[in-house]
Every structure is written in structure tokens, then in C-alpha cells.
Amino acid sequence: MRAIRGLWRWRRNPLRRSTDLIEAWVALVTLVLIAVAAPLLGAVVGAAAQGALQRSVRQQQHDRHLVVATVVRRLGGAPVEPDPDTTSAHDTRSRVLADWTGPDGSHRHGPVLTTLKSPHKGDHFDVWTDPHGLITARPLDSTTATTHAVLAGFGAALLTAGLVDSARRLIVWRMVRRRYARWDQAWDRAGPDWGKAGTGS
């Protein structure tokens with residue numbers, strides 16, 4: 001908004017200073033950059049993030065496999081808080097000792113987190129593994145990847161707009177400081193004779 005208000009300095013005025021005109025140019029350039037460059041950069045960053053994330057989605061969906069594990073026994077300890085990226089807020093995970101067979105046919109045995117409310121020996125549940133049967137996280141889905149890409153683009157646009165406006169503020173601040181310095185110098189020159197009879201005659 002201050003950049004928009006700075007455009008009033010374009011008006012013709014006998015009291016307009018050269019710094020007023022410079023400030024108007026700075027405000028105009030700022031508006032153009034915020035209106036054009038920031039959205040453009042945001043779109044470029046978002047598109048790049050979308051491409052990278054969708055490649056990651058395809059790779060993870062190719063490399064990660066859903067297999068069935070069998071509970072051997074429940075492990076002690078308090079329930080584990082859910083991961084907000086992979087489960088709902090109402091899911092509480094329990095640690096169990098389980099057996100499962102990896103995609104490569106290898107038999108695996110070890111501690112696993114499960115969303116079974118009350119796991120007992122012999123209960124079955126799904127786990128994600130890599131090609132060698134090692135437990136891994138759920139693969140990223142396409143919708144989540146797109147959401148992250150949109151947020152990255154939006155964040156880049158906001159950051160660009162903030163940086164541009166900060167540069168404008170710095171330039172204006174420096175001009176105001178120089179203006180005050182000139183006023184102080186002029187005042188120092190006129191000060192000794194200020195108010196004396198015959199001054200300026």
C-alpha cells in the first residue's frame with residue numbers, strides 16, 4: 001500500500017523535489033515487480049517443485065510395496081503419537097514384534113508400528129517395505145505432492161514480494177536520511193544569523 005501511495009509524487013507541484021520523483025519511480029518499479037515478477041517466479045518455482053515431487057511420487061510408488069505382517073507379540077511402552085503426514089489425528093500406533101515377507105521373498109522379523117487398537121498374537125496388518133523387505137514410510141501420493149508444490153510456489157511469490165518491498169523501503173529510508181542531512185547542513189549555514197535584524201537583506 002505504501003508503494004501505491006508513493007505514486008502521488010508523480011503529480012506536478014512547484015514544491016516537488018527530485019527525490020520525490022525518484023521515490024515515485026521506485027514505487028512504480030516496486031508495483032510492477034510485485035504484480036508481475038513475484039507471481040511469475042512463484043509459478044516457476046511451483047512448476048519445478050511439482051515436477052520434482054511427481055518424479056519422487058512415481059519412484060516411491062515403484063520402490064515401496066505393501067505387504068502383510070503378522071503380530072508375534074506386543075512390545076511394552078506408551079502408545080506412539082501418529083505421524084500427521086501419513087495417518088489421521090485419531091490413529092494411535094502401538095509397537096509390536098512382527099513377522100513379514102519382503103517383495104524379494106526374504107523373511108523379516110522385528111519391531112513395527114501398527115494402528116491395530118489392541119494387537120494380539122496372530123493379528124495381521126499392512127506395512128510398507130522397500131524392495132528388500134525393510135520397513136519404510138508410506139509412499140507420497142500425487143495429491144499431497146501437488147499441494148506441497150502449490151505451497152512452494154505461493155511461498156516463493158510472497159518471499160519475492162517481501163524482498164522487493166523491503167528493497168523499496170531501504171531505498172526510501174536512505175533518501176529520507178540524505179534529505180534530513182541536507183536540511184541539517186542548510187540549517188547550520190543559516191543558523192548563526194537566524195532572527196537577526198537585516199538577515200537576508
Side chains of V127 and V67: closer than 4.5 Å at any heavy-atom pair?
yes
Is it possible for you to say whether I34 and V29 belong to one hydrophobic cluster, with membership spreading through side-chain heavy-atom contacts below 4.5 Å?
yes
Not counting sequence neighbours, which residues clear side-chain contact (heavy atoms from CB on, under 4.5 Å) with L66? List them please.
D126, W128
For the student: nearest non-hydrogen atoms of F125 and L113, plus distance
CE1-O, 4.1 Å
Quick one: side-chain contact (heavy atoms from CB on, under 4.5 Å) partners of A145, sequence neighbours excluded?
L53, Q54, V57, L140
Which atom pairs, donor and acceptor, lie under 3.5 Å between side-chain atoms of residues 97-105 and protein residues at least two apart or in another chain?
unit_1 : atom_1 : unit_2 : atom_2 : d
D99    : OD1    : H109   : ND1    : 2.4
W100   : NE1    : G133   : O      : 2.7
T101   : OG1    : H107   : ND1    : 3.4
D104   : OD1    : S106   : N      : 3.1
D104   : OD1    : S106   : OG     : 2.7

Which atom pair, heavy atoms only, marks the closest approach of A161 to A38?
N-CB, 4.1 Å
Donor-acceptor pair, R108 side chain versus H132 backbone, under 3.5 Å?
yes
When clusters are formed by joining ILVMFWY residues with side-chain heavy atoms under 4.5 Å apart, either directly or through shared neighbours, do Y180 and M175 land in the same one?
yes
Kindly give the heavy-atom pair with the smallest separation between P111 and R95, and that separation in Å.
CB-NH2, 3.8 Å
Heavy-atom pair of closest approach, residues R74 and S94:
NH2-OG, 3.5 Å
With clusters built from Ile, Leu, Val, Met, Phe, Trp and Tyr whose side-chain heavy atoms come within less than 4.5 Å, directly or transitively, what are the remaining members of the cluster of L159, listed by chain and number?
L163
Side-chain heavy-atom pair T114, V71 within 4.5 angstrom cut-off:
no
Under the rule for side-chain contact (heavy atoms from CB on, under 4.5 Å), what residues qualify as partners of H62, not counting sequence neighbours?
none
How about T129 and L134: do any of their side-chain heavy atoms sit closer than 4.5 Å?
no
Please find the pair of heavy atoms, one from H120 and one from D123, that lie closest to each other, and give the distance.
N-OD2, 2.8 Å
My understanding is that a hydrophobic cluster links ILVMFWY residues whose side chain heavy atoms are under 4.5 Å apart, including indirect links. Using that, what else belongs to the cluster containing V68?
none
From CZ (R55) to CD (Q50), nearest 0.5 Å:
10.5 Å
Side-chain donor or acceptor of S56 paired with backbone N/O of A52 under 3.5 Å
no
Nearest atoms (heavy-atom pairs only) where Q60 meets R138
OE1-O, 4.3 Å
Just how far is it from atom CG of D165 to atom CG of L170, taken to the nearest 0.5 Å?
11.5 Å
